Q: 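Following this message is one structure expressed as structure tokens.
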Number of protein chains: 2
Amino acid sequence: MKTRDRILQSSLQLFNQSGERAISTNHIAAELAISPGNLYYHFRNKADIVYELFLAYQQQVDYYLAAPGSQPLVLADLAWYLEAVFDGLWQYRFFHRDLESLLDADPRLRAGYGDFTGRCLSAINGIFSQLASGGIITPRPEPLRSAMALNVWLVITNWMAYLKTAHATEEPAVLSLAELKQGIYQVLTLELPHVTPEYREPVLALRETYRPGTFCQAAHPST
Amino acid sequence: MKTRDRILQSSLQLFNQSGERAISTNHIAAELAISPGNLYYHFRNKADIVYELFLAYQQQVDYYLAAPGSQPLVLADLAWYLEAVFDGLWQYRFFHRDLESLLDADPRLRAGYGDFTGRCLSAINGIFSQLASGGIITPRPEPLRSAMALNVWLVITNWMAYLKTAHATEEPAVLSLAELKQGIYQVLTLELPHVTPEYREPVLALRETYRPGTFCQAAHPST
DNA sequence: CCATTATTAGAGTATATACTCTAGTGAGTC
DNA sequence: GACTCACTAGAGTATATACTCTAATAATGG
């Protein structure tokens, strides 16, 4: 594997683990047992590493959130979309932690992220449309649908912060993909009032799949 | 005004302006034209300043979110609660930006914030109950009501980050209290499906009050 | 007035951070 | 074997950060 890619990989791992703020370029170099000079041969600065990671994140989410076209969606599609989004969020979870500082440090990133959010919101909006076509949720007029999409986005992007701040018992809060996906429970809670009567039961069942266990959750973090 | 209080005041202002990460104790001392030694006479370290600001934040929100007791609520109460919460969020807006790092740096803060969130969620839950008693929203069974409260909390605490990251056009994104309060529009969107038919119109009217203007918004930040 | 205590200045420290510079090394090519 | 060129090491720099220490100055109470 090329050094450049190893830098990206290690950076992502360390950022996810401890946050971008706590990880210096020297840390990254040390982790890879390469010299700082070597790292700076491959990247002009730290912001460039972050930006490249953002591009990968963006590409992945864009791919999975690709417009559902105009065919109606079934319930399994909804579950699949939610899983995909939370997978992306998990893989690049350092990103939404102090995103503001990241954007302050790099105008390209600010512009790119603005567009990215816009696309995500349209995608969610489109998914709502096609879920309505599929008879799963009741159609809503436009200004409302966009506001709903935004709420979904807000819940999704804030769920991790909630888990790591309000919910955490351990000292440096750790997190597992399974816990993260309990965010799907919250999203489905959000959509519940808009589900058509005939789909209410199936959606409730799907939602139950992600219900946060009050029992002991022996979850451990992986990469 | 006592130096200690001036330190807190200036810290809050600078933190809100540029984020805790970007503001060093030297910056704070310089802003007040006092020596670093003087600052450290009044506070053992930076985390102590942050913690004290958290206590103030907590006290304010706790005060305004005090349990509505058992008397039913009217629509004006709902508006009042929302305004109060967003006011608190505004005054201590540095806090929810990289909260995770703040908690990592101070175990007291982590514990305190965990409790604080718990109380906020119960308060929102209680407000839902009393809104139901007041005939404004339809009563919901418990596990659902808590999940709804959590969604409200997620939307509220993430609204500012959304504005400053996705929505911002300016370089260091600035924000006004008025813009922030458009978050109320989102919260009311969230609650809309649970509003009783007879209150639907009044709630829609209230919500319209906070609708984000598509027109030019010449809002400028104040402290 | 004197003694004690609270407050302040200001120079200084140890450490970290992002990043640079120079001098290579090693694999391929002519 | 000389040349190139992508790649790497490692020491080094300027700056910042959180924080300390000493000594001086107010403020206060008896």
Side-chain angles (χ1 to χ4, degrees), chain A residues 1-54 94-95 97-98 100-110 172, chain B residues 1-54 94-95 97-98 100-110 172:
Chain A
M1 191 181 203
K2 307 229 62 154
T3 301
R4 194 187 149 84
D5 293 324
R6 294 203 308 137
I7 292 172
L8 287 173
Q9 191 194 38
S10 263
S11 300
L12 178 57
Q13 186 208 318
L14 293 173
F15 287 167
N16 279 342
Q17 210 166 80
S18 315
E20 177 267 347
R21 176 178 182 173
I23 298 298
S24 72
T25 49
N26 292 2
H27 284 138
I28 300 166
E31 167 84 7
L32 290 167
I34 66 172
S35 64
N38 193 352
L39 186 150
Y40 278 90
Y41 170 79
H42 291 284
F43 292 93
R44 267 201 9 259
N45 51 41
K46 196 183 175 189
D48 272 13
I49 299 179
V50 171
Y51 185 65
E52 201 123 333
L53 290 174
F54 162 68
F94 84 94
F95 196 68
R97 174 175 168 175
D98 203 9
E100 215 175 316
S101 293
L102 299 183
L103 301 196
D104 281 348
D106 188 348
R108 277 177 314 170
L109 189 57
R110 178 176 300 274
Chain B
M1 191 180 203
K2 308 234 42 151
T3 302
R4 195 187 148 84
D5 293 325
R6 295 204 306 137
I7 292 172
L8 286 173
Q9 190 193 38
S10 263
S11 299
L12 179 57
Q13 185 207 321
L14 293 173
F15 287 167
N16 280 341
Q17 210 166 78
S18 315
E20 177 268 348
R21 177 177 182 172
I23 299 297
S24 71
T25 48
N26 293 1
H27 285 137
I28 300 166
E31 167 83 8
L32 290 166
I34 65 173
S35 66
N38 193 354
L39 186 148
Y40 278 90
Y41 170 77
H42 291 285
F43 293 92
R44 269 203 7 259
N45 51 41
K46 196 183 175 188
D48 273 14
I49 299 178
V50 171
Y51 185 65
E52 201 124 331
L53 290 174
F54 161 69
F94 84 93
F95 196 69
R97 175 174 166 176
D98 203 10
E100 215 175 316
S101 292
L102 300 183
L103 302 196
D104 280 349
D106 189 347
R108 278 176 314 170
L109 189 57
R110 180 177 297 276

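Values below: every heavy atom of this structure, side chains too, minus hydrogens, waters and symmetry copies. Keep in mind it's a predicted model, so treat the numbers as computed, not measured. Residue numbers start from 1 in every chain, and the chains themselves are labelled A, B, ... in the order their sequence lines are given, proteins ahead of strands.
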Q: Only counting residues at least two apart or in another chain, list the ones meeting side-chain hydrogen bond (donor to acceptor under 3.5 Å, both in side chains) with A:Ser101.
A: A:Asp98, B:Arg97

Q: Applying side-chain hydrogen bond (donor to acceptor under 3.5 Å, both in side chains), can you list everything that pairs with B:Tyr40, at least two apart in sequence or on another chain?
A: B:Thr25

Q: Restricting to side-chain hydrogen bond (donor to acceptor under 3.5 Å, both in side chains), what partner residues turn up for B:Arg6, sequence neighbours left out?
A: none

Q: Using side-chain contact (heavy atoms from CB on, under 4.5 Å) as the criterion, list what pairs up with A:Asn26, not counting sequence neighbours.
A: A:Ser24, A:Pro36

Q: So which pairs with a foot in residues 17-36 of chain B pass ring pair (Phe, Tyr, Trp, His ring centres under 6.0 Å), sequence neighbours left out?
A: none

Q: Using ring-ring contact (aromatic ring centres under 6.0 Å, His included) as the criterion, list what pairs up with A:Phe95, not counting sequence neighbours.
A: A:Phe54, A:Tyr57, A:Tyr113

Q: For B:Ser35, give me all partners under side-chain contact (heavy atoms from CB on, under 4.5 Å), at least two apart in sequence or on another chain.
A: B:Asn38

Q: Considering only heavy atoms of chain B and a distance under 4.0 Å, specify the first and last nucleotide of DNA chain D in 5' to 3' order that meet this criterion.
A: D:dT17 to D:dC21

Q: Tell me, please, which residues at least two apart from A:Ala30 pass side-chain contact (heavy atoms from CB on, under 4.5 Å).
A: none

Q: If every non-hydrogen atom of A:Ala105 is compared with every non-hydrogen atom of A:Ala47, which pair is closest and at what distance?
A: O-CB, 4.4 Å

Q: Using heavy atoms and a sub-4.0 Å distance, could you list which residues of residues 38-45 of chain B are near DNA chain C? By number, please.
A: B:Asn38, B:Tyr41, B:His42

Q: Which residues in residues 17-29 of chain B have a heavy atom closer than 4.0 Å to any atom of DNA chain D?
A: B:Ser24, B:Thr25, B:Asn26, B:His27

Q: With sequence neighbours excluded, tell me which residues meet side-chain contact (heavy atoms from CB on, under 4.5 Å) with B:Phe43.
A: B:Arg4, B:Ile7, B:Leu8, B:Asp48, B:Ile49, B:Glu52

